[in-house]
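Model, not experiment: these values are computed from the prediction. These values consider heavy atoms only, across backbone and side chains, with no hydrogens, waters or symmetry-generated copies.
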Amino acid sequence: MNEPPAITLAAAIADRLSHPDTAPCAATTDEARQHLAHGPIGIALLHIELAAAGLGPWQRAHNWLAAATRRPFTTGADSHPFYGAPALAHVLACAAEHLPGAYRRDLDRLDRHVAGDVKRRLDAAHRRIDAGRLPVLAEFDAIRGLTGYGRYLLHRDADAPALRALLEYCVRLVEPIPHHDEALAGWWTLTGPSGRIDISFPGGHGNNGMAHGVGSVLALLALGARRAVTVAGHHEAMRTILAWLDHWKTITASGPVWPYWITRADQRAGLLKPSTPQRPSWCYGTAGLARAQQLAAHALSDTARRAQAEAALLDALTDPAQLRATVDAGLCHGVAGLAHLASRTAADACPDIAAELRAVLPGLLATLIPPGAAPHEATAALVNGRAGPGLLDGAAGIALAVLSAAGAQPPRTGWDACLLIA
């Protein structure tokens with residue numbers, strides 16, 4: 001039996017990236033070497049997943065990890081879940097689950113670094129809250145902040161006191177903070193979405209995204225609750241975030257959509273101005289937020305909200321306008337990310353919606369291989385293209401998404417824990 005073209009594409013990408021000495025790799029600087037999003041450790045995740053599934057040799061993963069770790073990884077304040085020691089820890093943990101005893105000493109050392117980082121960050125966050133100041137995005141977001149650390153801790157040791165302390169912080173984060181004459185959401189920042197002061201965002205913004213906003217906080221709380229790891233106020237905090245998302249939801253002819261962020265003008269008006277369709281990606285928008293809300297609904301045993309979240313994702317994936325706005329291929333904000341979210345969401349959905357979500361997958365996957373193009377041609381375009389071979393935007397992430405979406409199997413390694421969608 002012939003494999004689906006998308007599976008053939010994933011295998012061809014893995015072959016093209018079989019060894020760091022022969023692959024076109026963007027990790028030419030020390031910073032890129034340590035970055036999960038576009039460096040060699042993200043590519044190693046592809047080979048770890050394939051090896052764990054019995055679809056490739058472990059040696060490929062070892063080669064990429066060896067290339068990445070010839071020099072030390074950054075620790076402390078300059079590291080974060082997608083960079084330096086914490087990022088390497090996620091990758092090694094995915095491999096170690098399928099290689100008993102492997103990387104044990106390395107992971108023990110990395111876990112100590114992570115524990116130290118979490119304590120320092122939590123101490124600083126609580127001092128900030130005590131002083132009545134608003135946070136910066138990097139305090140709590142999935143890429144650079146505490147929710148990213150929290151998902152790693154949940155993966156490694158759900159009983160760790162550090163995880164409970166971090167969840168207690170998440171509960172505290174969602175409490176409103178008085179700011180001049182207004183009460184702002186506890187995750188409101190005075191910067192723009194870039195994390196820098198932006199004249200386009202006078203008074204800052206409330207970020208809704210999964211990558212940099214409150215979507216990641218909701219997802220972490222939900223994932224913790226599904227593992228029966230909860231703290232005082234846990235469920236109330238989820239409901240607070242859900243109420244915020246309910247308030248800012250817009251019902252369109254194509255279904256509900258959520259804005260990427262809320263400006264101070266939006267906040268004061270209490271409503272949003274009409275806008276053009278936005279891409280429904282993982283990092284921002286309806287797709288990632290629908291998954292976060294589905295996870296929360298499961299944790300809260302709210303069947304009605306679960307059905308609404310699942311239907312919202314289906315609406316987004318069948319809306320021509322939103323799909324036209326999705327012009328990239330990668331995990332972060334492209335078609336591969338939509339396919340992976342659809343696959344993950346379908347696995348937890350009610351049967352009817354699950355079937356409909358799976359029915360859209362072939363169409364999404366087909367866009368990764370242009371009509372008339374052979375898989376090897378598509379592979380060359382993806383690996384050598386502007387996005388490069390990495391995890392978040394590039395070819396390795398596309399291959400990982402394709403493996404689960406086209407094969408109808410969840411990841412064997414939990415590689416996507418870093419996205420807080422599982």
Side-chain angles (χ1 to χ4, degrees), residues 36-37 42 45-46 48-50 52-53 81-82 86-87 89-91 93-98 141-143 147-158 163 166-167 170 209-211 215-230 238 280-283 286-300 306 309-310 312-313 317 330-332 336-350 353-354 357-358 361 364 391-392 396-422:
L36 182 62
L45 271 183
L46 169 60
I48 291 167
E49 176 66 25
L50 286 165
F82 268 69
H90 168 63
V91 176
C94 288
E97 288 188 353
H98 297 269
D141 75 9
I143 301 291
T147 55
Y149 280 102
R151 186 61 187 91
Y152 175 75
L153 293 174
L154 187 63
H155 184 191
R156 286 288 287 158
D157 182 6
L163 175 59
L166 199 152
L167 293 171
C170 288
M210 285 289 283
S216 67
V217 183
L218 178 62
L220 178 62
L221 288 167
L223 290 164
R226 292 191 75 183
R227 294 277 298 274
V229 184
T230 59
M238 284 192 285
S281 55
W282 165 73
C283 55
T286 297
L289 285 174
R291 174 58 172 168
Q293 290 176 85
Q294 183 202 36
L295 291 169
H298 271 287
L300 295 167
R306 189 193 83 178
E310 292 160 4
L313 178 59
L317 298 184
L331 273 178
C332 184
L338 296 183
H340 190 60
L341 280 164
S343 177
R344 275 296 197 184
T345 303
D348 292 322
C350 60
I353 293 289
L357 285 170
R358 292 190 178 102
L361 287 173
L364 290 173
L391 175 70
L392 203 56
I398 292 169
L400 281 164
V402 161
L403 286 171
S404 57
Q409 294 290 331
R412 304 293 182 94
T413 63
W415 65 264
D416 56 349
C418 61
L419 305 178
L420 281 100
I421 60 173

Can you check whether [Y]'s main-chain N or O pairs, donor with acceptor, with [X]'s side chain at less than 3.5 Å?
X	Y	result
H155	A417	no
R291	L341	no
H340	W282	no
S216	A211	no
E49	T413	yes
S404	P410	no

Atom pair [atom1] ([X]) and [atom2] ([Y]), whose distance is rounded to the nearest 0.5 Å:
X	Y	atom1	atom2	answer
I143	C332	CD1	SG	6.5 Å
D157	L163	CG	CG	8.0 Å
T286	L313	OG1	CG	9.0 Å
L154	R227	CG	CZ	4.5 Å
I353	R358	CD1	CZ	12.0 Å
E97	R156	CD	CZ	8.0 Å

Nearest heavy-atom pair of [X] and [Y]: which atoms, and what distance?
X	Y	value
A349	E310	CA-OE2, 3.1 Å
L338	A287	CD2-CB, 3.7 Å
H90	G414	CE1-O, 3.7 Å
A401	L331	CB-CD2, 3.9 Å
A222	A299	O-CB, 3.9 Å
L400	L391	CD1-CD1, 3.6 Å

Evaluate the side-chain proximity of [Y] to [X]: yes if any heavy-atom separation is below 4.5 Å, no if none is.
X	Y	value
Y149	P86	yes
M210	I421	yes
L403	L50	yes
L218	L289	no
L221	L167	yes

Exercise for the section: For R344, enumerate each residue passing the salt bridge (Lys or Arg N to Asp or Glu O under 4.0 Å) test, keeping only those at least two apart in sequence or located in another chain. Expected result: D416
Practice task
Could you tell me whether R306 and D348 make a salt bridge, using a distance below 4.0 angstrom between a side-chain N and a carboxylate O?
Solution key: no
Handout entry: Qualifying residue, where the test is side chain to side chain contact (heavy atoms under 4.5 Å, CB included) with W415 and the options are V91, I48, L46, L45
Key = L45
